[in-house]
Every structure is written in structure tokens, then in C-alpha cells.
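Residue numbers start from 1 in every chain, and the chains themselves are labelled A, B, ... in the order their sequence lines are given, proteins ahead of strands.
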2 protein chains.
Amino acid sequence: MQPNNIFSKITFIASLFLCSYILLFHFVFSFEDIGAKLQEILNEAKKATLEPLPESNKLLTLQKSMFVKTPINMSKEQIELGKILYFDSRLSGNKLLSCNSCHNIALYGSSFVDIGKEKLNAPTLFNSLFNDAAHYKGDISRFDKEDSVIPAKNVVARASLHALSAENEMNADTKKIVSMITESSEYMSYFKRAYGVKVKVNAELIALSLSSFILTLNTFSRYDDFLAGNLRAMSVEEADGMRVFINRGCVACHNGVGLGGTMQPFEVMKNYKYSSIGGMTSNIDKMLKVPTLRNITLTAPYFHNGAIHKLEDAIQEMGNIQLGINLSNKEAKQIMIFFETLRGQVEITIPQLPKL
Amino acid sequence: MQPNNIFSKITFIASLFLCSYILLFHFVFSFEDIGAKLQEILNEAKKATLEPLPESNKLLTLQKSMFVKTPINMSKEQIELGKILYFDSRLSGNKLLSCNSCHNIALYGSSFVDIGKEKLNAPTLFNSLFNDAAHYKGDISRFDKEDSVIPAKNVVARASLHALSAENEMNADTKKIVSMITESSEYMSYFKRAYGVKVKVNAELIALSLSSFILTLNTFSRYDDFLAGNLRAMSVEEADGMRVFINRGCVACHNGVGLGGTMQPFEVMKNYKYSSIGGMTSNIDKMLKVPTLRNITLTAPYFHNGAIHKLEDAIQEMGNIQLGINLSNKEAKQIMIFFETLRGQVEITIPQLPKL
């Protein structure tokens with residue numbers, strides 16, 4: 001039995017090597033396969049001009065470009081003051097609403113308004129640095145002519161100025177806000193720290209300060225990592241979902257850094273089924289601001305009136321009315337899986353408001 | 001001139017020594033004087049049974065004592081879950097109000113309700129660990145008999161349970177809240193992390209979790225340092241103000257750790273001039289919960305209807321209606337200066353709410 005035993009041992013070890021080799025070959029091959037596929041999808045994304053959030057230095061330059069010819073240079077003190085103003089409900093007419101009441105940081109800068117209410121479902125303010133326009137109908141556009149101390153392209157500051165006195169937003173008298181602030185030595189100390197002791201508080205400076213905080217609410221995500229070239233940042237399923245998103249044409253409107261933020265025709269192929277419900281009337285051009293898709297899985301319900309609660313329904317509705325296609329349940333699900341990669345985070349400590 | 005010169009030098013040096021000695025004696029004497037005075041005021045405060053916030057270990061023991069026979073042990077995960085629930089406006093009937101809408105962390109846990117509204121000015125939730133009762137009229141009291149899984153003395157958890165469905169608070173159907181949470185795998189992951197995988201979510205557990213967060217909102221202040229024996233924590237003016245506060249009798253109701261929190265007779269000597277305005281009707285016994293004075297300089301306007309905006313007016317009104325005395329402007333000012341020492345801080349990072 002001795003030789004036989006040796007022979008069987010040799011056979012066993014040889015088989016072991018062979019198996020290992022086959023397995024190894026298989027893994028390397030399939031890894032290469034996956035890597036190649038992800039690279040291919042990344043190339044498609046780039047071809048479709050999808051863009052990651054700029055890295056922090058470029059982001060800061062972009063933020064600062066919103067404040068040309070204004071006193072703002074995005075200093076820590078200015079952003080902190082903007083944050084205080086953002087949370088201050090005493091700036092509103094009834095003293096109970098702050099920016100954060102509707103553009104709730106805990107809800108990724110959005111609100112949760114249900115269908116049937118005469119209120120608009122406030123869109124997220126996160127990543128609004130990349131928006132061409134403010135408000136659903138784009139009443140405030142970066143392409144408006146310059147006619148204020150606030151640069152036209154800083155639509156967030158202009159919308160903030162509007163929100164302070166707008167009846168369906170903060171509903172306040174800006175003169176009263178200004179005197180409330182100037183009469184508070186504690187509030188003034190924050191303004192002085194931000195803008196120097198000679199600061200003159202007015203509604204425009206309040207709006208600019210607010211926007212200096214809001215424009216920092218940008219959320220880096222795995223999607224950005226992927227677009228920056230890190231193929232491991234997305235799973236194959238997620239990348240597949242992005243491919244469906246691109247190939248089925250969603251990217252026609254949801255593009256750029258924000259995957260939205262531009263004005264585009266709405267109800268291109270069909271009418272949105274809940275169009276007539278909620279506080280928005282369509283304008284002549286039927287143009288609408290494309291909402292950003294960043295953090296979309298967390299900002300339900302959807303559309304101006306919050307009529308649609310499930311993201312898959314919102315995806316299918318958009319395929320229907322904008323592209324004239326029926327996205328299958330599977331496709332909607334795939335796109336949703338991709339949307340998970342758009343989830344980011346901000347870390348905001350609540351300020352304690354100054355004494356009046 | 002030589003001797004004369006020497007003589008003048010000696011005279012000069014001698015005068016210098018003498019002056020230094022006098023100045024030194026004066027300073028030491030006045031320092032001793034100030035120290036003795038502050039010590040004397042501290043003794044008066046102790047005699048008046050004023051109490052500092054307990055140190056952190058004792059505070060934790062006190063917090064835990066609110067959860068006997070419940071699943072809560074004040075773990076980090078439980079408090080974090082409580083915080084998520086505190087900020088979740090989706091728990092309310094109209095999906096727009098969270099605990100934080102009225103008990104606003106940015107406003108030191110209070111709201112800013114003006115006179116004339118049919119709304120109550122929500123009192124601060126900061127330091128409510130030291131309250132005997134919840135609600136102005138003390139509907140919920142730690143002395144109620146035990147009849148729930150929530151311990152009677154945890155008035156914050158019981159008030160939270162009430163607030164979820166109360167028409168003038170969150171106005172929600174608790175069954176709907178429970179199913180909303182249990183249908184969200186992301187929400188459930190927070191509950192599981194806090195209470196184990198077999199957790200059963202119900203309204204009581206939600207309320208208990210909320211209170212585990214709320215009961216951490218305690219604000220250490222210079223006043224606590226002073227009461228703990230650090231005489232440098234208050235200025236002489238502030239200590240003088242505390243002495244007026246004690247000697248004029250304010251301490252009769254505003255005592256204990258919270259400088260308030262017990263039920264006491266209201267309108268003892270006269271009627272509060274704005275009693276009939278706002279959402280509160282007085283009960284038969286005319287008993288009212290004494291609000292905490294901690295952070296009082298930052299929680300304007302004052303009283304159940306926010307009728308009084310200036311703290312000095314509120315102080316004088318209380319002297320008038322409760323003690324039957326006219327506090328002079330100087331005394332009111334002194335008390336206000338003392339109140340500045342009651343100012344503390346909490347640092348809360350806003351949670352990003354789970355996906356539904």
C-alpha cells in the first residue's frame with residue numbers, strides 16, 4: 001500500500017493546486033470583469049456630463065463667487081451668523097417660523113407637506129449652490145439683470161430676502177427685523193464679529209448672511225467618489241441603476257453637479273396627475289425648476305404638493321410625463337438603488353440664539 | 001546739593017514704600033472684604049436652600065431613576081434615538097411640527113409666542129428633570145398614582161405621550177406613528193440598536209425615548225459654580241442681585257435646583273394683568289407651575305401668553321401679584337443682573353432623520 005499511498009497523496013496535492021489555480025483565475029477574471037464594467041459605466045456617466053461636487057478648495061471659490069462686491073468672504077464668523085439667523089424664529093411675522101421650520105436640516109433641508117394642503121412642499125436647500133433659479137417657477141434666476149447689492153447669480157440670497165417678507169414664508173416686516181437686531185447688543189456683537197464694528201445692518205445683509213450659511217450645506221456622497229474615479233464607491237447594482245438612469249433619458253434634465261437646478265419644460269409628454277392640487281399654478285412657458293436628486297431617498301414626499309410618497313412612483317410618473325415612457329417596476333427599482341448613492345450628510349450644531 | 005539730593009532720594013523711596021504699603025493694605029483689605037461678602041451671600045443662598053445642578057454622576061443617577069421598570073438605562077443609543085424622535089416632524093398630524101417646533105433648542109427649549117394669540121407660550125424643556133409637574137396647571141404631576149408603564153414621576157415622558165396626540169400639540173394618531181416607524185427598516189434599526197432586536201415599538205416607548213433625550217438638556221451655569229463654592233464664579237453685583245432675590249422673597253417659589261418646577265398658588269396678592277388673554281384658563285385652586293429661572297434672560301417673552309417682553313417688567317409684575325411688593329427699578333435691575341449667571345449651554349447636533 002505504500003506506493004499507492006504516495007501516488008494518491010501526489011494526486012491529491014496536484015488536484016488541490018489545479019483547483020486553486022482555476023478558482024484564482026476565475027476570481028481574477030470576474031474581478032477584472034466587474035472592474036471593466038464599472039469603468040465602462042463611469043465613462044458613460046462622464047459622457048452624459050454627470051459631475052461630482054468640486055473638491056473643497058474649488059467649492060470655496062465657487063461659494064465666494066456668489067458674493068462679489070458684497071461684504072461677505074465666507075469667514076467662519078459670517079457663516080456662524082448666517083446659521084443663527086437661519087434658526088431664528090423671531091425673524092418671522094408670528095415669531096414662530098424660522099428658515100429651518102420649512103427647510104428643515106433634520107429633513108435634509110426640506111419639509112414634509114402632504115397632498116391637499118394649500119401649501120407648497122418646500123424643496124431642499126441642500127446643494128442649492130448649484131441651482132440656476134429659486135422657487136419652483138424660477139421667479140428668481142441667476143440670469144436676471146443686476147439690480148440690487150445682492151449679485152443676480154446668488155439666487156439663494158435673493159430668495160432669502162424675498163422669504164423674510166413673503167406672505168407664504170416668513171411674513172415679516174423687514175424694518176422691524178432690522179430694528180429688533182440693532183436694538184440687541186448681543187445680536188450686534190455677532191454682526192460686528194462678522195463684518196467689523198462699523199457694520200450697518202439691513203435686510204440685504206441679513207439675506208446675504210443667511211445665504212453664506214445655506215451655501216455651505218453641500219453633501220458629498222459615494223456618487224461623488226465614484227465620479228472622481230473610485231470604482232469601489234458604488235456596487236455593481238448601483239452602477240447598473242445609474243446606467244438605466246442615463247440610458248432612459250432622466251439625465252436630460254437631472255444633470256450637472258446637483259443632478260438638477262436648471263429650468264426645464266414640465267409635462268412634456270403628459271400632464272402630471274396631481275398638477276391642479278396644491279399651491280402652485282403653472283406659468284405660460286410651463287417651465288419648472290428641476291429639483292436636485294441629491295438625498296432624494298430622504299426627502300419624501302415628492303413634487304410641489306407632496307402628492308407622491310413612494311420614490312418608485314415618482315420615478316415612474318416622471319418617465320411618463322416627461323419622457324413618454326413606461327419605466328418597468330424593475331427599472332424604477334434599479335434607479336432607486338442608484339439614488340441611494342446620492343445620500344450625503346451635514347453636521348450642524350444648533351446655535352443658541354442671541355438675547356433680544 | 002549732594003546731601004540734599006541723597007535726602008530727597010531717601011524721602012522719595014520711603015514715600016514709595018509707604019504708598020505701596022498703603023495700596024497693598026487697601027487691596028488686601030478690600031479683597032478680603034469682597035471675599036467675605038461673597039461668602040456671606042453664599043451662606044445666605046444655602047440657608048435659602050438654593051441648590052446647584054448635581055455633578056454628572058449624580059445627575060445620571062437622577063436621570064436613570066426616572067426610568068425604573070422601563071427598558072431605558074440612558075445609553076448613548078437610546079438618547080440618540082430620543083433626539084431623532086424629538087426632531088421628527090413626521091410624527092405630527094400635519095407632518096410639519098416636531099417637539100422642536102415649540103420647544104426650540106435654538107431658543108433654549110422654549111418658543112416665542114406673543115400676547116393675543118390663542119396659543120400658549122411653550123415653557124422651556126431645558127432642566128425639566130427638576131420639575132414636579134408638566135403643563136402650566138400641572139395636569140401631570142409626579143405625585144399622581146402609578147397607572148402606566150411610564151413611572152408617575154417621569155412627568156416629561158408622560159407629557160411627551162400626551163403631546164403626541166394632543167390637539168394643541170402634535171395632533172397625531174399614535175397608532176399611525178407606530179406603524180410609520182415599524183414600516184421603516186431604517187427607523188427600526190435605531191430602535192433595535194437602542195433596545196435590542198426584539199423591541200416592540202409602542203407609544204409609551206416613543207414617549208420614554210423622547211424623555212431620555214429631553215432629560216439630558218440640563219444647563220450648568222456660573223450660578224452652579226458659585227453654589228458649589230467657587231466665589232469667583234459671580235461678580236459682586238451678581239451676588240448682590242441674588243441677595244435681593246432672596247431677601248425680597250422670590251425664593252419662596254423659585255427654589256430647588258431648577259429655581260422653579262413646583263406647583264404654587266398664583267395671583268396670591270393681586271391678579272396678573274394679562275390673565276384673561278391667551279389659551280390658559282385658571283383652575284379652581286389657582287395653582288400654577290413655577291417656571292424655572294435657568295436661562296430666563298434668553299426665553300422672552302414671559303408668562304403663559306408671552307404678554308410681557310421685558311424681563312424687568314416680568315420681575316416687577318411678579319413682585320406685585322405674588323408678594324404684594326413694589327420692586328424698585330433698581331431692584332429689578334439687580335435681580336436681572338443675577339439672572340445672567342443662570343445662563344448655560346447645550347451642544348446639540350441635528351440628527352438627519354431616518355428614511356420612511
**Asked** Can you list the steps and then say if B:Q352 with A:L107 is a side-chain contact (heavy atoms from CB on, under 4.5 Å)?
**Response** CA-CA 6 Å; B:Q352 308 272 261; A:L107 288 170; over 6 Å; no
Answer with side chain, backbone, both or neither: which region of [X] has an atom nearer than 4.5 Å to a non-hydrogen atom of chain B?
X: A:A300; result: neither
X: A:T297; result: both
X: A:N295; result: neither
X: A:L356; result: side chain

**Residue selection (most heavy-atom pairs with chain A, distance under 4.5 Å) from B:I84, B:L298, B:T299, B:L97** = B:L298
[atom1] of [X] to [atom2] of [Y]: how many Å apart, nearest 0.5 Å?
X: B:K355; Y: A:L311; atom1: NZ; atom2: CG; value: 8.0 Å
X: B:N121; Y: A:L96; atom1: CG; atom2: CG; value: 9.0 Å
X: B:S98; Y: A:N104; atom1: OG; atom2: CG; value: 6.5 Å

**Item:** Test side-chain contact (heavy atoms from CB on, under 4.5 Å) applied to B:I350 and A:F87, step by step
**Value:** CA-CA 12 Å; B:I350 304 179; A:F87 282 94; 3.4 Å; yes
**Request:** Would you sort out whether B:I348 and A:T349 count as a side-chain contact (heavy atoms from CB on, under 4.5 Å), showing the intermediate values?
**Result:** CA-CA 5 Å; B:I348 303 293; A:T349 314; 5.8 Å; no
**Message:** Quick check on B:Q345 against chain A: is it the side chain, the backbone, both or neither that has a heavy atom closer than 4.5 Å?
**Reply:** both
**Item:** Step-by-step salt bridge (Lys or Arg N to Asp or Glu O under 4.0 Å) determination, B:R343 to A:E186
**Value:** CA-CA 14 Å; B:R343 184 173 178 163; A:E186 207 165 304; 2.4 Å; yes
